[in-house]
Amino acid sequence: MAFRLYNTLTKQKENFEPVTPGKVGIYLCGPTVYKESHIGHVIGPVIFDALKKYLTYKGYQVKFVVNITDVDDKIINEAKRLGVPMKDLAEKLTAAYFDALDQLGVNSIDEFPRATEYIPKMIELIQRLAEKDAAYATETGDVYFDVTKCSNYGKLSHRKSDDQLEGSRELAGGGKRNAADFALWKAAGADEVGWDSPWSRGRPGWHIECSVMSMALLGETYDIHGGGMDLIFPHHENEIAQSETATCKPYVKYWLHNGLTRIQTKVAGGEWKNEKMSKSLGNIRPISELLEAYPPAVIRYFLLSTHYRRPIDFSDQALTDAQKGMMNIYRLLDRVNRLNGEDVYRYPCDVNSLTELAHTDEDHALREVLTAGQLKFLETLDDDFNTAGALAALHDLATAVNRYIDRRQLETKPDSDARTLALQAGRMITTLGRILGVFTEPLKSADSDDELTEKLMALLIDLRAQVRKDKNFALADAIRDKLTALGIALEDRPEGTIWVKM
RNA sequence: GGCGGCAUAGCCAAGUGGCCUAAGGCGACGGUUUGCAAAACCGUUAUUCGUGGGUUCAAAUCCCACUGCCGCCUCCA
């Protein structure tokens, strides 16, 4: 089956065919760094990081760019409020953003261009527009894009600008030819950061940096541009207008928009409702807070467990449930590791060995389930990158492997080939998971255990084994119950007792 | 006021014309296993997909109306 993606531009799923065969360029709108990043800022990176990994798996050579908007009115105002230079504020917040991405396993982004590094190129683009009379300067030194010079303005958001303007928009700035015209360049106040330009000492408008940086790094026509649904209008609409008017070429082939993160907010009257998380609504949950409360792998899994175009509601309940579900697979992976004294994460599944190792009917049945699961996983992703469906396929596989280990009683009967088959089956799960950046390594808990804890737990388990041997079950159970109260679960398994933190 | 999206079990969530008497997860309830647990496995938990019409041999999936929620039109990932 061909890989299909939903394109906001055409409002339908389309077969994916890159502009240049074999190569894919992806640009994702990154943060404006004026306040700490919240959960909504990482959903795009996680989704598109997974998408790049999938495209790479499919054999494409992918270049993935995420911008950092480090000059903007909001940053200037926030820096003023804090009494720090704009640059320092932007750098500090950018570093925090990078740290969050790193923790979430977002490691496939090739370039993070910063707006301040592309000012000359922005001025160039504005000049190109001015030559075509699509950009005009006002008396105050601001420069606007004239939307009437773009014949298909509104093609992405599917709205006609005339319909929108009835009493809704203030003509901020003044001097505009049309109400829908947007700023390409803004004159700076005396005490504000600014760059010299033919029109005024000033700074770029909001949309220009994405057009310039994406085209500089990916070409004037590239494959995929992503962002949150809230960016469709005006941001992406304006990007298209200014880019295509300047180049007379199609700007982007596939526009992908992810659903917004919602969170419960208490509204006037004391009721709760789910609404978009955004800085201006004041209901943000910083990503740093979340990364302390949950293992980053859980957040990544949670974000991928809903189709990317749907809004996703964040709550502790939802994250806890996701973690529990995810643990099922981690437990299975631990189980095959114990069985083989091997690392299931380290090597990919050796598909040929599945056939070589299969002897009994049970073995062959497992092999068939694995093949079917792999197919389901990949086919599901091919249909508009349905990560939720793909993760379901991994759960099916985990259940099948658990069942296999149970039926073949591998924990009590040493059957080397069967155990290896179970290991390879586990590796099928990690191999597929790796395509989305999940189940790539053992789950790290928020607080790691030190060596002393390990030794003390070994000691307790040893003592408890002794009293169990003596049939002193009351004492053995007391030890277990008290550990449970401390958040530690003991599991008496055929090969011995293991402990896990709950 | 204009434009758009969504509505699937107790909860989360796939599926968007026939393989659906609808994946997967959480929760719940039985059973196997266990000294007892935990974990794992097996089984049960939506004849039905917001409501009402319509199209079709066939609809959760298409069309119309209605209701509710969300988003955009001003900064937003």
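Quick note on labels: first sequence line is chain A, next is B, and so on, each numbered from 1.
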Could you go over nucleotides 4-10 of chain B and give all protein N or O partners under 3.5 Å, atom names and distances?
from, atom 1, to, atom 2, distance (Å)
B:A7, OP1, A:Arg310, NH2, 3.0

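Using a 4.0 Å heavy-atom distance criterion, A:Gly30 is classed as a sugar-phosphate-only contact. Heavy atoms of A:Lys376 sit under 4.0 angstrom from primed sugar atoms or phosphate atoms, though from no base atom. A:Leu260 comes within 4.0 angstrom of a base, heavy atoms only. Residue A:His235 is out of contact with every strand shown, counting any heavy-atom pair closer than 4.0 Å. In this structure, A:Asp313 reaches neither bases nor backbone, as no heavy-atom distance under 4.0 Å exists between it and the strands shown. Among the atoms of the strands shown, none is found under 4.0 Å from any heavy atom of A:Asp481. Residue A:Gly40 is classed as a base contact, given a heavy-atom separation below 4.0 Å to a base.
Rounded to an integer number of Å, the gap from A:Ile429 CD1 to B:G24 C1' is 14 Å. Here the P atom of nucleotide B:A77 and the CG atom of A:Leu256 are 18 Å apart, to the nearest Å. Here B:U33 presents its P atom at 19 Å from CG of A:Leu410, a figure rounded to the nearest Å.
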Quiz item: Which letter, B, S or -, goes with each nucleotide of nucleotides 34-41 of chain B from 5' to 3', with contact meaning a protein heavy atom under 4.0 Å?
Solution: -BBBBSSS
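The side chain of A:Phe233 sits closest to B:C72 out of B:C72, B:G27, B:A14. Counting only heavy atoms from C-beta on, A:Ala392 has its side chain closest to B:G24 among B:G24, B:C72, B:G15.
No side-chain heavy atom of A:Ile109 sits less than 4.5 Å from a side-chain heavy atom of A:Lys52.
Checking side-chain atoms of A:Tyr54 against main-chain N and O of A:Leu378 turns up a donor-acceptor pair under 3.5 Å. Remark: the backbone N or O of A:Ala393 is not paired with any side-chain donor or acceptor of A:His395 at under 3.5 angstrom.
Remark: RNA chain B takes part in the stems B:1-7 with B:67-73, B:10-12 with B:24-26, B:27-32 with B:40-45, B:50-54 with B:62-66, each of 3 or more antiparallel Watson-Crick or G-U pairs, criterion distances under 3.5 Å.
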